[in-house]
Every structure is written in structure tokens, then in C-alpha cells.
Amino acid sequence: MMGFGGGGSLWFLILAVLVVVPLWRLLPQYGIPSWVALAALIPFGLVVLLWVMAFRDKLNGGAR
């Protein structure tokens with residue numbers, strides 16, 4: 001059975017930073033607190049955040 005090992009953990013950390021940092025900066029523009037970007041670290045968290053960002057104007061009744 002293959003595990004992450006030391007190298008796998010490093011890759012996860014690099015990918016996590018590459019995903020969370022842009023979201024941390026983008027989410028406040030959509031009226032969402034920056035710390036919610038950490039949800040991208042859980043499975044399907046990034047997908048949910050992208051959907052919320054895409055349909056944010058419809059969720060607010062068209063107001064931005």
C-alpha cells in the first residue's frame with residue numbers, strides 16, 4: 001500500500017497554498033470572509049466555493 005510519505009505531504013502543502021492564497025484574496029470581493037478559503041482544503045470545499053462565487057449575485061437577489 002502506498003502512502004503520502006514525506007514527498008506527498010510536501011506536494012499537498014504546495015497545492016494547498018496555491019489554492020487557498022488566491023481564494024483568500026478573491027472571496028472578500030464577493031462579500032465572503034477570507035477565512036472561508038480554508039474550506040477549499042476539505043473534499044469538495046473548493047467546488048462549493050466556486051459555485052457560491054459564480055452564483056453570488058443570484059443568491060443576493062441581484063445586488064453586489
Side-chain angles (χ1 to χ4, degrees):
M1 189 157 115
M2 297 179 65
F4 277 117
S9 297
L10 179 63
W11 278 111
F12 176 77
L13 182 64
I14 291 170
L15 290 176
V17 168
L18 289 175
V19 170
V20 171
V21 170
L23 283 173
W24 196 275
R25 298 201 41 158
L26 283 172
L27 288 176
Q29 295 176 10
Y30 290 90
I32 303 169
S34 296
W35 60 266
V36 177
L38 297 175
L41 298 177
I42 60 171
F44 297 109
L46 177 60
V47 174
V48 171
L49 284 174
L50 289 175
W51 275 82
V52 169
M53 289 169 60
F55 295 106
R56 184 66 178 176
D57 57 340
K58 294 184 182 184
L59 295 174
N60 278 344
R64 258 206 147 177

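All residue numbers refer to positions in the sequence shown, counting from 1. Heavy atoms only: backbone and side chains are in, while hydrogens, waters and symmetry mates are out.
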Are [X] and [Y] connected, step by step, through hydrophobic side chains (Ile, Leu, Val, Met, Phe, Trp, Tyr) whose heavy atoms are closer than 4.5 Å?
X: Val21; Y: Tyr30; answer: no
X: Leu10; Y: Leu18; answer: yes
X: Val47; Y: Phe55; answer: yes
X: Trp35; Y: Leu27; answer: yes
X: Leu26; Y: Val20; answer: yes

Quick one: CE on Met53 to CG on Leu23, what's the gap to the nearest 0.5 Å?
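Going from the CE atom of Met53 to the CG atom of Leu23 covers 6.0 Å.
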Point-to-point distance, once rounded to the nearest 0.5 Å, from CZ of Phe44 to CG of Leu49:
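With rounding to 0.5 Å, CZ (Phe44) is 13.5 Å from CG (Leu49).
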Residues which pass side-chain contact (heavy atoms from CB on, under 4.5 Å) with Pro43, listed by chain and number, not counting sequence neighbours:
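Once residues adjacent in sequence are excluded, Pro43 has no partner under the side-chain contact (heavy atoms from CB on, under 4.5 Å) criterion.
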Of all heavy-atom pairs between Ala40 and Val19, which one has the smallest distance, and what is that distance?
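Scanning both residues completely, I find the closest heavy atoms to be CB-CG1, 3.8 Å.
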